[in-house]
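Structure first, commentary second.
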Amino acid sequence: SPPPQLAAPGGAARPEKGPPAGAGPGRGSLGPARGRNSLGAEEPPHVGNYRLLKTIGKGNFAKVKLARHVLTGREVAIKIIDKTQLNPTSLQKLFREVRIMKGLNHPNIVKLFEVIETEKTLYLVMEYASAGEVFDYLVSHGRMKEKEARAKFRQIVSAVHYCHQKNIVHRDLKAENLLLDADANIKIADFGFSNEFSRGSKLDTFCGSPPYAAPELFQGKKYDGPEVDIWSLGVILYTLVSGSLPFDGHNLKELRERVLRGKYRVPFYMSTDCENILRRFLVLNPAKRCTLEQIMKDKWINIGYEGDELMPYTEPQEDFGDTKRIEVMVGMGYTREEIKEALSTHKYNEVTATYLLLGRRGEPEGGTGPSLSLSRPRGPAEAPNGATTKSGTSGTHGRGQRGAGHHRQRRHSDFCE
């Protein structure tokens with residue numbers, strides 16, 4: 001029988017992880033941005049230095065808004081979390097996610113720019129991946145040719161290996177959490193189930209989406225960490241190349257049985273080299289599963305990249321001394337001292353966000369292309385509802401940054417036990 005297709009119609013949109021909660025704050029609870037003139041009720045809502053444009057994702061206790069940074073014109077995604085709806089355990093996980101995201105700086109991982117926190121609400125300002133989810137791409141376009149899948153998969157492997165080098169395991173890798181930017185580059189999102197791991201210390205939480213879950217998770221066995229991500233990468237590769245899932249079932253029991261058998265259909269169009277690399281990922285015994293260092297030397301992943309073999313990512317020294325950006329910020333009303341202080345201490349505040357966003361390609365309002373133009377001057381410090389902001393206290397990625405062409409297809413709920 002053919003493998004289960006991703007485009008199974010009629011299913012509900014993917015739910016938000018966590019306990020049920022109310023909607024995010026409404027228009028009335030958002031304060032003005034810096035330097036904004038009051039133009040009456042027609043003026044769109046603002047939070048900090050961002051004008052909120054539209055809702056692009058919604059969950060039980062959070063929503064994701066597309067927004068524009070008024071000082072630079074850059075688009076961002078802002079996850080708005082109602083903290084009053086989170087129990088202590090959920091809050092603890094949220095702050096862990098924040099801590100992890102702050103330490104990640106890879107071109108294929110969604111970047112956190114700024115955190116704005118009030119008494120009741122957390123605003124997490126992140127990179128906007130405008131082309132939406134790989135899941136939706138596969139639903140709309142069907143499977144990828146191996147050349148395209150290889151280009152995407154190299155980026156995914158690079159980013160996941162980078163996380164593992166930093167002793168971070170994602171635990172929720174799936175097509176829905178792989179976003180695409182305007183240039184079709186991969187951006188790994190949603191570190192809500194991620195955790196630190198250490199060699200010799202086992203994890204025991206069953207996290208993630210069942211069709212992507214490793215067999216040892218279904219068996220309730222403890223695990224080191226990286227090996228469960230590596231199994232999920234095998235499922236992702238199969239999904240990219242075939243447009244379908246290697247393991248699925250009408251219910252969790254049936255899915256579990258198929259995963260534990262480890263048998264999957266190899267499509268006739270799949271190359272032998274692709275079949276061979278898949279077999280290195282989808283190994284039932286986690287001790288015999290490949291490592292990502294081994295995968296980087298695999299034949300399939302390097303076809304067409306002769307002389308450019310996939311290598312571990314080397315994180316560059318962060319450039320906090322760009323005089324062009326600093327001059328633009330001085331023109332906005334920031335002092336050199338506060339710029340230096342924010343950047344040197346890695347504060348996730350409006351100063352750092354403005355500096356980082358100026359370094360990103362984008363179209364400032366009224367502009368025609370990339371530039372370091374001043375969009376509008378900075379006004380007196382204000383926060384949502386006039387509250388005092390605490391910058392850099394937390395951050396996470398918004399689920400489901402999606403383009404306008406989102407399809408309501410069958411999605412698999414995440415759970416964490």
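Screening residues 272-292 for ring-ring contact (aromatic ring centres under 6.0 Å, His included) gives Phe153-Phe281 as the qualifying pairs, with residues at least two apart or on separate chains. Pairs passing the salt bridge (Lys or Arg N to Asp or Glu O under 4.0 Å) check and including a residue from residues 146-155, sequence neighbours excluded, do not occur. Residue pairs satisfying the salt bridge (Lys or Arg N to Asp or Glu O under 4.0 Å) criterion with at least one member in residues 267-278, sequence neighbours excluded, are listed as follows: Asp273-Lys299, Glu275-Arg279.
Interatomic distance, Met270 CE to Ile277 CD1, rounded to the nearest 0.5 Å: 11.0 Å. Once rounded to the nearest 0.5 Å, the distance linking CD1 of Ile339 with CD of Glu341 reads 11.5 Å. Ser242 OG to Leu138 CG: the interatomic distance, rounded to the nearest 0.5 Å, is 8.5 Å. Distance check, rounded to the nearest 0.5 Å: CD1 of Ile80 to OG1 of Thr121 gives 8.0 Å. Atoms CD1 and CG, from Ile100 and Asn195 in turn, are 6.0 Å apart once rounded to the nearest 0.5 Å. With values rounded to the nearest 0.5 angstrom, Leu94 atom CG is found 8.5 Å from Ser90 atom OG.
With sequence neighbours left out, the side-chain hydrogen bond (donor to acceptor under 3.5 Å, both in side chains) criterion links Asp183 to Arg361. Applying the side-chain hydrogen bond (donor to acceptor under 3.5 Å, both in side chains) test to Arg280 and every residue at least two apart in sequence or in another chain returns Asp298. The ring pair (Phe, Tyr, Trp, His ring centres under 6.0 Å) test applied to His250 returns no partner, not counting sequence neighbours. Phe320 is linked by a ring pair (Phe, Tyr, Trp, His ring centres under 6.0 Å) to His346, counting only residues two or more places apart in sequence or in another chain. Judged as a side-chain hydrogen bond (donor to acceptor under 3.5 Å, both in side chains), and not counting sequence neighbours, the contacts of Tyr223 are Arg171. Every residue was checked against the salt bridge (charged side-chain N to carboxylate O under 4.0 Å, His left out) condition with Lys340, not counting sequence neighbours, and none meets it. Residues satisfying the side-chain hydrogen bond (donor to acceptor under 3.5 Å, both in side chains) criterion with Glu227, sequence neighbours excluded, are absent altogether. Applying the ring pair (Phe, Tyr, Trp, His ring centres under 6.0 Å) test to Phe218 and every residue at least two apart in sequence or in another chain returns Phe206.
Salt-bridge check for Arg96 with Glu196: failed, with every basic side-chain N at 4.0 Å or more from each acidic carboxylate O. A salt bridge links Lys202 with Asp224: the closest approach of a Lys/Arg side-chain nitrogen to an acidic carboxylate oxygen falls below 4.0 angstrom. Taking 4.0 Å as the cut-off between side-chain N and carboxylate O, Glu216 and Arg289 count as a salt-bridged pair.
Among all heavy-atom pairs drawn from Val241 and Ala149, the shortest one is CG2-CB, 3.9 Å. Taking every heavy atom of both residues into account, Trp231 and Ala213 meet most closely at NE1-O, 3.3 Å. Smallest separation of non-hydrogen atoms from Leu71 and Asn49: CD1-ND2, 3.7 Å. Considering every non-hydrogen atom in both Arg360 and Leu356, the closest pair reads CG-O, 3.3 Å. Closest heavy-atom contact between Pro211 and Leu255: N-CD2, 3.6 Å. Nearest heavy atom pair, residue Leu173 against residue Ser232, reads O-CB, 3.8 Å.
No donor-acceptor contact under 3.5 angstrom links the side chains of Thr55 and Lys63, judged on distance only.
Remark: side-chain polar atoms of Glu254 are not paired, donor with acceptor, to backbone N or O of Gly249 under 3.5 angstrom. At least one donor-acceptor pair closer than 3.5 Å links the side chain of Thr352 to the backbone N or O of Lys347. Formation of a donor-acceptor pair under 3.5 Å by the Asn177 side chain with backbone atoms of Ile188 is not found in this model. Judged purely by atom type and a 3.5 angstrom limit, Thr291 uses its side chain to pair as donor or acceptor with the backbone of Gln294. A side-chain donor-acceptor contact under 3.5 Å links Arg258 to the backbone of Asp248.
Phe113 places a side-chain heavy atom less than 4.5 Å from the side chain of Leu357. Side-chain contact between Leu292 and Ile230: present, with at least one pair of heavy atoms (C-beta onward) separated by less than 4.5 Å. By the 4.5 Å heavy-atom criterion applied to side chains, Tyr355 and Ile326 are counted as neighbours. Proximity of Lys187 to Tyr128: side-chain heavy atoms (C-beta onward) are nowhere separated by under 4.5 Å. Side-chain contact between Tyr238 and Tyr264 is present, with heavy atoms from C-beta onward closer than 4.5 Å. Two residues are said to be in side-chain contact when any heavy atoms from C-beta on lie closer than 4.5 Å; Leu240 and Arg143 fail this criterion. The closest side-chain heavy-atom distance from Tyr50 to Ile78 is below 4.5 Å. Residues Val351 and Met329 have side chains in contact (heavy-atom distance under 4.5 Å, counting atoms from C-beta outward).
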What donor-acceptor contacts under 3.5 angstrom involve side-chain atoms of residues 155-165, with partners at least two apart or in another chain?
from	atom 1	to	atom 2	distance (Å)
Gln155	OE1	Asn108	ND2	3.4
Gln155	OE1	Ile186	N	2.7
Gln155	NE2	Asn185	OD1	2.9
Ser158	OG	His106	NE2	2.9
His161	NE2	Glu293	OE2	2.9
Tyr162	OH	Asn105	N	2.8
Tyr162	OH	Asn105	O	3.4
Tyr162	OH	Glu315	OE1	2.9
His164	NE2	Asp229	OD2	2.8

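Taking the centre of each ring, Phe193 and His170 stay at or above the 6.0 Å mark.
Within a 6.0 Å radius of CD in Glu309, other residues, nucleotides and ligands contribute more than 12 heavy atoms.
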